[in-house]
**Q** 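The structure is given below, and queries will be raised subsequently.
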Protein chains: 2
Amino acid sequence: MAIEVPKTRRGEASRAVILKAALDLFQEHGYEATTMRAIADRAGVSLGSSYHYFPSKEHLVLEFYRHTHELHAVAIAPLLSRERDLATRLRGTVRAVVITCEPFHAVAGSIFSTVANPSSPLNPFGGTARPLRDEVLQLYADVVSGSDARIPRDIAEFLPLVLWLYQMGILYFWIFDSSPGRLRTLEVIDETTDLIVRLISLANLPVLRGSRKRILGLIKDIVES
Amino acid sequence: MAIEVPKTRRGEASRAVILKAALDLFQEHGYEATTMRAIADRAGVSLGSSYHYFPSKEHLVLEFYRHTHELHAVAIAPLLSRERDLATRLRGTVRAVVITCEPFHAVAGSIFSTVANPSSPLNPFGGTARPLRDEVLQLYADVVSGSDARIPRDIAEFLPLVLWLYQMGILYFWIFDSSPGRLRTLEVIDETTDLIVRLISLANLPVLRGSRKRILGLIKDIVES
DNA sequence: ATGTGAATTTGAACACGTTCAACTCTCAGC
DNA sequence: GCTGAGAGTTGAACGTGTTCAAATTCACAT
């Protein structure tokens, strides 16, 4: 089960060629339709070799996931360094998620369900995928902290986590979205990001103080699982 | 792919014995660890016979799901006929969900991920599972309509759907909950159900009117996928 | 050159979910 | 009793993800 790290130049090349074959095939035919034998074939290695570097087919998806995350991070860098308005930053960031993932829309369903499986090594609430999750959380922390919005400390503390969960919800909606140009998802993003920023600003209302404290306490409770 | 309905008494008996074997084995060893061969063995039929009545292993999970839904409906009937307070009804209903599912906690993870797969026939947003989903929605409609709470019509219209989604969220949390007696989940249920009822009552505040309209419009938009 | 040992590669083998053509059973109509 | 058609049943066979013991490669020390 240990993830094998290549220890020679030859090993590095093998790992790379297997990974590239897998990413290409996932994109071309989807996750389930891509067989480990097909990956090995295209990579020009034997079936067993793939398992030397990737303990399972799911671990290849984890790399796929990391790949899209990096595309996403690159895509939003200009926006984050230019723009200061929180709603704009958030909208741009989440829009960029679905735009980045668009080439994989057809295959996203099976990948999502793999990721959602609590016993999968890919599950974002589990251990293996932790480094990647932390990167995404950091990204949303940057979205918030780089804005000129003044967020109460107690809210800011959990906002990245909430936004990350929100992004997953958007992705799940996007998977089902068959509208042309995925316009429905983009509309939902525009509406929800605005709504989120608005609700944050409302959280200071006296009448909402009680609920706010309870919600934050709840989140803290949930996180400490 | 068509779901075969038994047409003789013999067929009915076979279907029943296969289903019972599957439910028992799922409960004993979990979904993935239960093989179709083991199900056929325990049922005393051949491997092929199982496929005559259930087109896939996943379809057996659908029956499993239906089974727990019926247990749940029976469990909350007394509460719903006795109690009128919305928070109490809601809390009791959602508590009953996790209590009903407790015997299956160990296997719930893989079942959940199967259900979450958009291309699975079990996906609640898809077609095959629609009758069962509608039953659950009706159940939450009863929880609301049988209470003495006065809910604005626009909110009441979508409340069952929202509560159903909320229930799925609770179940996902429960899957990860390893606290003794699953106490953490029960606490989260108590807190969130109270919060939901409180937020509904706050929705009439003038300052929240705008957000309320937008949220409801959003939900309407999403539902019309 | 040669030997050594770790890294890498191989493909046969396993258990699984699923398919399907062939088989058996049942019983209404004669 | 016989027949035929439809319902039910069977298990071999396929393609899949995964495992593993054996074979191969190769940098380095001798």
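Given the structure is predicted, the values throughout are model-derived calculations rather than measurements. Letters go in sequence order (proteins before strands), and every chain restarts at 1. All heavy atoms count here, side chains included; hydrogens, waters and symmetry mates do not.
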**Q** B:Lys57 has an atom NZ; how far is it from atom P of C:dA15, in whole Å?
**A**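 The distance from NZ of B:Lys57 to P of C:dA15 comes to 16 Å, rounded to the nearest Å.
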**Q** In whole Å, what is the span from the CE atom of B:Met36 to the P atom of C:dT19?
**A**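 Going from CE in B:Met36 over to P in C:dT19 covers 10 Å.
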**Q** Would you mind classifying the nucleic acid contact of A:Arg10 as base, sugar-phosphate or nothing, using non-hydrogen atoms under 4.0 angstrom?
**A**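 A:Arg10: backbone/sugar contact only, no base atoms under 4.0 Å.
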**Q** Applying a 4.0 Å non-hydrogen cut-off, can you work out what A:Thr34 is touching in the nucleic acid: base, sugar-phosphate, or nothing?
**A**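 Touches sugar-phosphate only.
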**Q** Out of the candidates A:Ile175, A:Leu186, A:Asp177, only one should pair with A:Val98 under the side-chain contact (heavy atoms from CB on, under 4.5 Å) rule; please name it.
**A**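 Output: one option passes, namely A:Leu186.
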**Q** Measure from the side chain of B:Val45, starting at C-beta and using heavy atoms only, and say which of D:dT10, D:dT18, D:dG8 lies closest.
**A**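 Minimum distance to the B:Val45 side chain belongs to D:dT10.
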**Q** Atom CD of A:Glu32 to atom P of D:dG15: distance rounded to whole Å?
**A**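 Between P of D:dG15 and CD of A:Glu32: 18 Å.
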**Q** Round to a whole Å and report the spacing from CD of A:Glu12 to P of C:dT8.
**A**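 The answer, rounded to whole Å, is 9 Å.
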**Q** Under 4.0 Å between a side-chain N or O of A:Ser14 and OP1 or OP2 of C:dT9?
**A**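 Looking at the OP1 and OP2 atoms of C:dT9, one of them is under 4.0 Å from a side-chain N or O of A:Ser14.
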**Q** Rounded to the nearest 0.5 Å, how far apart are CD1 of A:Ile196 and CG of A:Leu159?
**A**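 So the CD1 of A:Ile196 and the CG of A:Leu159 are separated by 8.0 Å.
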**Q** If each of A:Gly48 and B:Ala33 is mapped to the nucleotide of DNA chain C with the nearest heavy atom, which maps nearer the 5' terminus, i.e. the 5' end?
**A**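 Per heavy-atom nearest nucleotide, the more 5' residue is A:Gly48.
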**Q** Taking the six-membered ring of B:Tyr31, is NZ or CZ of B:Lys57 closer than 6.0 Å to its centre and within 45° of its axis?
**A**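 Geometry flag: set, cation within 6.0 Å and 45°.
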**Q** Heavy atoms from C-beta onward define the side chain here; which of D:dG17, D:dT9, C:dG17 lies closest to that of B:His52?
**A**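 Selected nucleotide: D:dT9.
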**Q** In plain terms, say whether B:Arg37 and B:Asp41 are close enough for a salt bridge, that is, a side-chain N and a carboxylate O under 4.0 Å apart.
**A**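 No, B:Arg37 and B:Asp41 are not salt-bridged.
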**Q** Rounded to whole angstroms, how far apart are CZ on A:Phe54 and P on D:dG17?
**A**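 Whole-Å distance recorded here is 15 Å.
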**Q** Which part of the nucleic acid, if any, lies within contact of A:Thr8, taking any heavy atom under 4.0 Å across all strands shown: a base, the sugar-phosphate backbone alone, or nothing?
**A**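 Touches sugar-phosphate only.
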**Q** Hey, is the main chain of A:Val143 close enough, under 3.5 Å, to the side chain of A:Arg89 for a donor-acceptor pair?
**A**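 Looks like yes, one N/O pair under 3.5 Å.
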**Q** With respect to the side chain of B:Thr35, which nucleotide from D:dT18, C:dC16, D:dA12 is positioned closest?
**A**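 My answer, after comparing the listed nucleotides, is C:dC16.
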**Q** Rounded to the nearest Å, what distance is computed from the OH atom of residue B:Tyr51 to the C1' atom of nucleotide C:dA22?
**A**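 So the OH-C1' distance, B:Tyr51 to C:dA22, works out to 19 Å.
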**Q** What is the distance, rounded to the nearest whole Å, between atom CG of A:Leu47 and atom C1' of C:dA12?
**A**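 Taking CG of A:Leu47 and C1' of C:dA12, I get 10 Å after rounding.
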**Q** Is the phosphate of C:dG17, meaning OP1 or OP2, less than 4.0 Å from a side-chain N or O of B:Ser56?
**A**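 For C:dG17, OP1/OP2 do not have a side-chain N/O of B:Ser56 under 4.0 Å.
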**Q** Answer with base, sugar-phosphate or nothing: what part of the nucleic acid does B:Ser49 contact at a heavy-atom distance below 4.0 Å?
**A**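 Touches a base.
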**Q** What closest approach, in Å, do A:Ala108 and A:Trp174 show between heavy atoms, and which atom pair accounts for it?
**A**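 Shortest heavy-atom separation between A:Ala108 and A:Trp174 comes out as CB-CZ3, 3.6 Å.
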**Q** Of the candidate nucleotides C:dT18, D:dG17, D:dG8, which contains the atom at the shortest distance from the side chain of B:Lys7?
**A**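 Between C:dT18, D:dG17, D:dG8, the one nearest the side chain of B:Lys7 would be D:dG8.
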**Q** Is A:Gly11 touching bases, backbone alone, or none of the nucleic acid, heavy atoms closer than 4.0 Å?
**A**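 If one applies the 4.0 Å heavy-atom cut-off, A:Gly11 turns out to touch the sugar-phosphate alone, with no base involved.
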**Q** Can you check whether A:Tyr53 has a side-chain N or O nearer than 4.0 Å to OP1 or OP2 of C:dT9?
**A**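 For C:dT9, OP1/OP2 do have a side-chain N/O of A:Tyr53 under 4.0 Å.
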**Q** Looking at D:dG17, does its base get a donor-acceptor pair with the side chain of A:Arg37 below 3.5 Å?
**A**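 Checked by distance alone, the answer is yes.
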